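For clarity, every value in this text was computed on a predicted model and none was experimentally measured.
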Amino acid sequence: MDNKVPRVVIAALRGGSGKTTLSLGLIASWRQRAGDIVPFKKGPDYIDAGWLALAAGRPCYNLDPYMMNGEQILDSFAHRSFGSYGAVIEGNRGLFDGMDEAGSCSTAEVAKLLQAPVLLVVDGTKITRTAAALVLGCLKLDPHLSIRGVILNRVAGSRHERMLRSTIEHYAGVPVVGAIPRLRDNAFPERHMGLMTALEHPDAREAILARIHVVERYLDVERVIGFAGEAPMLEQPRSVSWKQSRTVACRQPVIGVIADSAFQFYYPENLEALQRCGARVIRISALQDRSVPKLDALYVGGGFPETHAAQLAANSGFRKSLKKVVHSGLPVYAECGGLMYLGRKLHLEGKTYPMVDVLPMDFELRKRPQAHGYTEMEVIAPNPFYPVGISLKGHEFHYSRVIHADPNKFSLVFRMRRGTGILDEMDGVCYKNVLATYSHVHAVGSPEWAEGLVQKALAFQQHRITREAKKNGREDESTRVFSSAEVPTYQNLRR
């Protein structure tokens, strides 16, 4: 496995500077020249990551120094980038923006950890010589950071470009490798949670092609690739292989994932972790499927149930089927949008839409975010998936809130050490074999998540097969399902 991976971090002075669209164009352009380019997104992001994945033609992975430690970040990056032609890591917010005055969890800290050169995007709107001071300040704030080039964005014209370019190169000594004019097109419209998703954009591929043309015309792509190639070799990861190293000595559990335009917020690392723990993952749709297929567990991620409320409500067959299997004991793990879907009703703009009616609570959408940021949760009560006493780190971002809840019919099993949660600084609604939460977790930083879900799926599978065997009057070794203790865990597969 080649550990000399050309790589570059796309950073900026602040959020909204155009990092994402520039990263899209660079990834797609570099891919046309070389081949397999692996995209990464710093921070807890689904929407930008979805666009980066479309540009690369492969999954985009997240590197988050709050939810993961340094070793986990390096291990994940190495396994997913070694052997590729290159990697592009898009930062978030400003280059040094982090959790505290030391800049912990910032894009700069990730760049240093990966020993990756940085390209700094500078928004040229209403600024000239001061841009040089800003770039120089970034160089002085952390001399250990390798800022190799500047990309000017939203440049007003040739005179404006010359002023920005000459002052930055003269005073800061950093080459300007591109100057993007202010573009009139709005190929990437935004809504309440950021960019419109690639899955819902009517002309997503055309938007990517347009950004390729912009990058090819205004950015010195070959010079950027040269900077990326100067990144030093990384150490081989400690784990030999993330591929399953032995046959699972049990019937493979089937875990369904509701994946459609209403529920599309899934880290690819989470789905891969389920597979490494021995599960077969199948995708189903709450919008199009008429019923839930035979499953051993279900994972319902986040998304936009609010923009699909009428469609979700109209598919009564799927909702009734899901409610039935939940009451039969099917293990279900739900996050944010999935939590909302499992409630009784969704109240939206004066209208009410019926949902699955599993959790005894309603949800309403507000005009402002009800929670936004990182979370830390302590598991304080029994639940289907996590051992009591552990801590989990995640993130939350939602405009909805709980209303008309009946607390006598459910329990909350997470105490919020950081973040908002569902009610009274608590999160994690537990009902039968359902655990639903506003917080999203990442399997790289929380390996207990995949282990717990697969083990619960195996237990449900064994119960179902034994029950069916007794019903048919037969019970022998052919119907035996091995215990969850015999399943290779995430840690075992890393050995």
Side-chain angles (χ1 to χ4, degrees), residues 253-260 262-267 270-271 273-274 277 279-287 289 291-303 305 312 315 317-346 354-363 377 379 381-386 392 394 400 402 405 409-414 422 427-441 443 446 448-464 484:
V254 178
I255 297 180
V257 176
I258 298 184
D260 50 33
F263 303 101
Q264 50 183 296
F265 291 169
Y266 296 97
Y267 291 122
N270 285 25
L271 304 182
L274 294 175
C277 283
R280 180 164 70 93
V281 176
I282 65 171
R283 296 175 182 264
I284 58 180
S285 172
L287 300 175
D289 293 341
S291 63
V292 178
K294 182 180 288 187
L295 301 172
D296 300 309
L298 178 66
Y299 177 24
V300 193
L312 292 169
N315 193 356
F318 189 88
R319 289 189 292 108
K320 291 177 181 177
S321 173
L322 179 50
K323 183 176 181 179
K324 181 178 179 181
V325 295
V326 165
H327 283 281
S328 75
L330 181 73
V332 179
Y333 191 94
E335 296 172 326
C336 199
L339 163 69
M340 296 163 61
Y341 182 52
L342 294 179
R344 290 179 301 212
K345 297 175 183 178
L346 178 58
M355 294 289 108
V356 179
D357 191 23
V358 164
L359 301 177
M361 58 185 64
D362 292 4
F363 293 85
M377 304 167 289
V379 182
N383 65 91
F385 306 108
Y386 294 112
L392 301 166
S400 68
V402 172
K409 295 183 179 179
F410 64 87
S411 61
L412 293 168
V413 300
F414 298 157
I422 294 175
D427 204 338
V429 179
C430 190
Y431 176 79
K432 293 186 180 292
N433 278 334
V434 174
L435 181 58
T437 170
Y438 264 132
S439 284
H440 303 265
V441 298
S446 299
E448 303 92 345
W449 173 82
E451 294 174 12
L453 187 51
V454 172
Q455 289 176 3
K456 195 65 179 180
L458 281 166
F460 180 76
Q461 181 195 66
Q462 179 163 352
H463 172 74
R464 175 173 52 78
S484 59

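The aromatic rings of Phe263 and Tyr341 sit tilted relative to each other, their planes meeting at an angle between 30° and 60°.
Within the model, atoms OG of Ser439 and CD1 of Ile422 stand 8.5 Å from one another, a figure rounded to the nearest 0.5 Å. With values rounded to the nearest 0.5 angstrom, Lys320 atom NZ is found 11.5 Å from Asp357 atom CG. We find the CG-OG distance between Asp289 and Ser321 to be 9.5 Å, quoted to the nearest 0.5 Å. Summarising the geometry, atom CE belonging to Met355 is positioned 13.5 Å from atom CZ belonging to Arg344; distances are rounded to the nearest 0.5 Å. To the nearest 0.5 Å, atom CG of residue Leu392 and atom CE of residue Met377 are 5.0 Å apart. Atom CD of residue Glu451 and atom OH of residue Tyr386 lie 11.0 Å apart, to the nearest 0.5 angstrom.
Within the 4.5 Å cutoff, side-chain heavy atoms of Val379 are placed close to those of Phe414. When side chains are defined from C-beta on, Leu295 counts as touching Ile284, because their heavy atoms get closer than 4.5 Å. In this structure the side chain of Lys323 never reaches within 4.5 angstrom of the side chain of Val326, judged on heavy atoms. Looking only at side-chain heavy atoms (C-beta outward), Phe363 and Leu342 stay at 4.5 Å or farther from each other. Using a 4.5 Å heavy-atom cutoff, the side chains of Leu312 and Arg319 are not in contact. Under the 4.5 Å side-chain criterion, counting only non-hydrogen atoms from C-beta, Phe410 is not in contact with Leu359. Residues Ser285 and Phe318 fail the side-chain proximity criterion, which asks for heavy atoms closer than 4.5 Å. Contact annotation: the side chain of Leu271 approaches that of Arg283 to within less than 4.5 Å [non-hydrogen atoms, C-beta and beyond].
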With side-chain contact (heavy atoms from CB on, under 4.5 Å) as the test, would you mind laying out the steps for Tyr333 and Val441 before giving the verdict?
CA-CA 11 Å; Tyr333 191 94; Val441 298; 4.1 Å; yes

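The two residues Ala279 and Ile255 come nearest to each other via the heavy atoms CB-CD1, 3.7 Å. Between Lys409 and Pro360, the closest heavy-atom pair is CB-CG, 3.6 Å. Closest heavy-atom contact between Cys430 and Pro382: SG-O, 4.2 Å. Taking all atoms of both residues into account, the shortest heavy-atom contact from Val325 to Ser328 is O-OG, 2.6 Å. Between Leu330 and Asn433, the closest heavy-atom pair is O-CB, 3.7 Å. Looking at every heavy atom in both residues, Gly303 comes nearest to Phe265 through N-CD1, 3.5 Å.
Just one of Leu453, Leu458, Leu274 meets the side-chain contact (heavy atoms from CB on, under 4.5 Å) condition when paired with Pro253; it is Leu458. Of the listed residues (Thr437, Leu412, Leu435), just one forms a side-chain contact (heavy atoms from CB on, under 4.5 Å) with Val429, and that residue is Leu412.
Of the N and O atoms on the side chains of Glu335 and Tyr299, at least one donor lies less than 3.5 Å from an acceptor on the other residue.
At least one donor-acceptor pair closer than 3.5 Å links the side chain of Asp427 to the backbone N or O of Tyr438. A donor-acceptor distance shorter than 3.5 angstrom exists from the side chain of Tyr266 to the backbone of Ile258, with no hydrogens or angles considered. Looking only at distances, a side-chain donor or acceptor of Asp296 sits under 3.5 Å from a matching main-chain atom of Val254.
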